[in-house]
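Below is one structure, written out as structure tokens; comments come after it.
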Amino acid sequence: MNYWLVKSEGNCYSIDDFKHDKKTSWTGIRNYQARNFMRDSMKKGDLVFFYHSMSDPTGIHGLAKVASTPHPDETAFDKDDEHYDYKSKEDDPTWVCVDLAFVKKYKTPLSLADIKKDSKLGDMQLIKKGDRLSVQPVSEKSFKRLQSLLK
DNA sequence: GCCAACGTTGGC
DNA sequence: GCCAACGTTGGC
């Protein structure tokens, strides 16, 4: 079992939107590293922290579960979609996504500041300088620590 | 293949 | 709104 963290802008697709939808395709990822994680390493059943950037507070707001194998990101083929990519062809898709199922919304989110302060979460990609990865792995050690902090 | 210019992310 | 950090693009 692998653990992950995905970012969403709070005013774009929020944890409340996700809670309402129950399930969503994690489309619109246009970064190769992030795509490779989804394509090569995500497995059905993996647990995924739902992180809000540029929100109040910025931090972890919920938990999700990978609910599908990787599949082509259809928004890349749609000219009217903001994530349209003319280079991605339907017979050879550049971009993929997975489906995520809603698990829970935390009553008290764990803020980025709290994560930075915690001595046991030092290996998180999230707090590394210049981190911009919107899909990133979380070590089992960090996962357990986050779970206990989010109880 | 280098690298400057540009666009985006995301904390503050 | 600012700006540092980073990825991508495109001229050469």
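Heavy-atom basis, side chains included; hydrogens, waters and symmetry copies ignored. Letters A, B, ... are given to chains in the order of the sequence lines, protein chains preceding strands, and every chain is numbered from 1.
The listed nucleotides are C:dG7, B:dG10, C:dC6; the one nearest the side chain of A:Arg132 is C:dC6. Side-chain atoms of A:Lys87 lie closest to C:dT9 of the nucleotides C:dT9, B:dC12, C:dG7. Relative to the side chain of A:Lys7, the nucleotides C:dT8, C:dA5, B:dG10 differ in distance, and B:dG10 lies closest. With distances taken from any side-chain atom of A:Lys129 to the nucleotides C:dT9, C:dA5, B:dG10, the minimum falls on C:dA5.
Atom-to-atom, CD of A:Gln136 to P of C:dC6 comes out at 14 Å; the value is rounded to the nearest Å. As rounded to whole Å, 16 Å separates atom C1' of B:dG10 from atom CE of A:Met124. The OH-C1' distance, from A:Tyr32 to C:dG7, rounds to 11 Å in whole Å. Spacing between atom CG of A:Leu112 and atom C1' of B:dG10 amounts to 10 Å, rounded to whole angstrom units. The separation between A:Trp95 atom CH2 and C:dG7 atom C1' is 10 Å, rounded to whole Å. One can place CG of A:Asp131 at 18 Å from P of C:dA4, the figure rounded to the nearest angstrom. Rounded to a whole Å, the CG atom of A:Leu133 is 9 Å from the P atom of B:dG10. In this structure, the NZ atom of A:Lys128 is 16 Å from the P atom of B:dG10, given to the nearest Å.
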Intermediate values then yes/no, side-chain contact (heavy atoms from CB on, under 4.5 Å), A:Leu47 and A:Trp4 = CA-CA 6 Å; A:Leu47 291 171; A:Trp4 306 94; over 6 Å; no
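Aromatic rings from A:His20 and A:Phe18 are positioned such that their centres are separated by 6.0 Å or more. Residues A:Phe77 and A:Tyr84 place their aromatic rings such that the two centres sit no closer than 6.0 Å.
Look at A:Tyr51 and you'll find a side-chain N or O under 4.0 angstrom from OP1 or OP2 of B:dG11.
Between A:Asp123 and A:Ser139, the shortest heavy-atom contact is OD2-OG, 3.1 Å.
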